Amino acid sequence: MADVTTADQLDDSVVSEPLDLVRLSLSERVFVKLKGDREIRGTLHGYDSHCNLVLSEVEETVYVMDDDSDVLKTIKKQSEMLFVRGDAVVLISPPQRT
Amino acid sequence: MATSQLLPLELVDKCVGSRIWVVMKTDREFSGTLLGFDDFVNMVLSDVTEYDALGNQTHLSKILLNGNNICMLIPGGEPSGENGATEE
Amino acid sequence: MSSAASPGSPSPEAPSNNPSAFLSQITGAKVSVKLNSGVEYRGDLQCVDGYMNIALEQTEEYVEGELKNKYGDVFVRGNNVLYIGVE
């Protein structure tokens with residue numbers, strides 16, 4: 001157990017627990033899927049164990065069904081800085097690693 | 001009297017190795033062979049059939065089912081219908 | 001039975017039937033992760049933690065059985081997970 005932890009600390013590119021993926025995405029552009037058909041793209045500045053996130057230069061996309069026409073509409077919003085509450089997070093996808 | 005209580009997790013433990021019917025809080029059910037479980041009643045099931053709200057069936061060879069959204073466990077059961085296997 | 005809630009550290013000779021043993025057995029394998037919403041993610045399982053947070057590699061997103069998206073890596077928050085199955 002202790003050995004594993006030490007090895008991970010030495011090699012910080014290792015994904016030994018799922019949140020390591022998020023750690024490796026700090027200061028990178030990430031894609032975040034949220035509950036309620038919302039998606040966010042932005043630069044990840046911080047996170048915690050609840051998956052609360054701080055993102056900047058954010059583009060948010062909301063998918064809504066238009067009641068009258070039954071057409072799926074997309075609404076886009078831009079924000080400079082954003083806090084995301086962790087319990088709304090469904091998934092976080094970092095940029096492709098090389 | 002007091003000694004005859006069957007703890008809920010003891011009932012689950014008795015089901016290990018046999019077929020079990022799992023009803024989720026949502027409109028979803030599973031039947032499969034219970035291989036094991038933990039204190040959260042997360043369960044490993046094999047030879048699983050998943051029944052969704054529309055009655056669609058999906059076969060899964062082996063899964064870890066999240067215990068968080070389980071409503072009921074029915075030992076030996078199969079979801080109602082033609083294949084309801086009641087033992088004689 | 002009493003200490004079964006730590007998926008990361010099964011004893012080596014534990015029978016491969018409890019959740020933590022199953023997880024270590026399928027780590028690295030191709031798995032499908034179904035969420036409560038019905039959306040399914042298929043990819044290589046990197047790791048899982050005690051919250052059932054999941055890290056996947058080479059991930060494909062299926063909505064109603066149709067491939068909708070591909071991601072290199074994906075972190076899935078555990079509260080959304082319905083099940084993890086082997087392909």
Side-chain angles (χ1 to χ4, degrees), chain A residues 1-8 11-26 28-42 44 46-55 61 63 65 72 74 84-98, chain C residues 3 5-12 19-20 23-24 26-29 31-64 66-84:
Chain A
M1 186 61 196
D3 290 344
V4 174
T5 316
T6 321
D8 292 346
D11 183 359
D12 63 1
S13 67
V14 168
V15 180
S16 64
E17 61 164 34
L19 277 168
D20 286 348
L21 264 189
V22 185
R23 179 174 49 83
L24 292 172
S25 313
L26 283 169
E28 306 265 13
R29 298 292 286 178
V30 293
F31 170 79
V32 182
K33 234 175 135 104
L34 302 175
K35 291 187 174 173
D37 293 321
R38 292 165 184 268
E39 292 172 0
I40 279 176
R41 275 168 215 281
L44 182 66
Y47 73 97
D48 62 22
S49 59
H50 302 108
C51 294
N52 294 325
L53 307 174
V54 177
L55 300 161
T61 312
Y63 296 93
M65 199 53 107
L72 189 68
T74 61
V84 179
R85 197 178 143 91
D87 58 5
V89 172
V90 174
L91 79 79
I92 303 168
S93 182
Q96 298 275 353
R97 282 191 295 160
T98 47
Chain C
S3 64
S6 56
S9 53
S11 66
S20 50
L23 284 176
S24 54
I26 64 169
T27 298
V31 298
S32 79
V33 175
K34 182 115 157 201
L35 307 190
N36 290 311
S37 63
V39 181
E40 198 174 336
Y41 295 92
R42 293 187 198 157
D44 301 332
L45 182 64
Q46 296 191 67
C47 49
V48 183
D49 68 16
Y51 297 108
M52 239 183 248
N53 294 326
I54 296 171
L56 293 174
E57 253 174 331
Q58 304 288 328
T59 313
E60 297 173 329
E61 177 182 68
Y62 290 83
V63 180
E64 285 160 20
E66 277 181 46
L67 179 60
K68 291 284 174 183
N69 259 315
K70 289 190 181 187
Y71 307 102
D73 287 315
V74 156
F75 168 92
V76 181
R77 198 170 186 266
N79 64 310
N80 301 291
V81 174
L82 174 65
Y83 64 72
I84 309 169

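What you see is a predicted model, and the numbers here were worked out from it, not measured in a lab. Numbered from 1 within each chain, the chains take letters A, B, ... in sequence-line order.
Counting all heavy atoms, side chain and backbone alike, A:P94 lies closest to C:D73 at CD-O, 3.4 Å.
Inter-residue side-chain proximity for C:V76 and A:K33 is flagged as unmet; no heavy-atom pair is nearer than 4.5 Å. For the pair C:F75 and A:L91, the minimum side-chain heavy-atom distance is 4.5 Å or more. In this structure the side chain of A:K35 reaches within 4.5 angstrom of the side chain of C:N80, judged on heavy atoms.
A donor-acceptor distance shorter than 3.5 angstrom exists from the side chain of C:R77 to the backbone of A:H50, with no hydrogens or angles considered.
One distance of note links NZ of C:K70 with OG of A:S93; it measures 13.5 Å at 0.5 Å rounding. Taking CG of C:N69 as the start and CZ of A:F31 as the end, the distance is 6.0 Å to the nearest 0.5 Å. Atom OH in C:Y51 sits 9.0 Å away from atom CG in A:L19 (nearest 0.5 Å).
With a 4.5 angstrom heavy-atom cutoff, C:N53 touches chain A via backbone and side-chain atoms both. For A:V89, the parts lying under 4.5 angstrom from a heavy atom of chain C are both the backbone and the side chain.
At a heavy-atom separation below 4.5 angstrom, chain A is approached by C:L35, C:Y41 within residues 32-41 of chain C.
Shown here is A:R85, whose CZ atom has no more than 12 heavy atoms of other residues, nucleotides or ligands within 6.0 Å.
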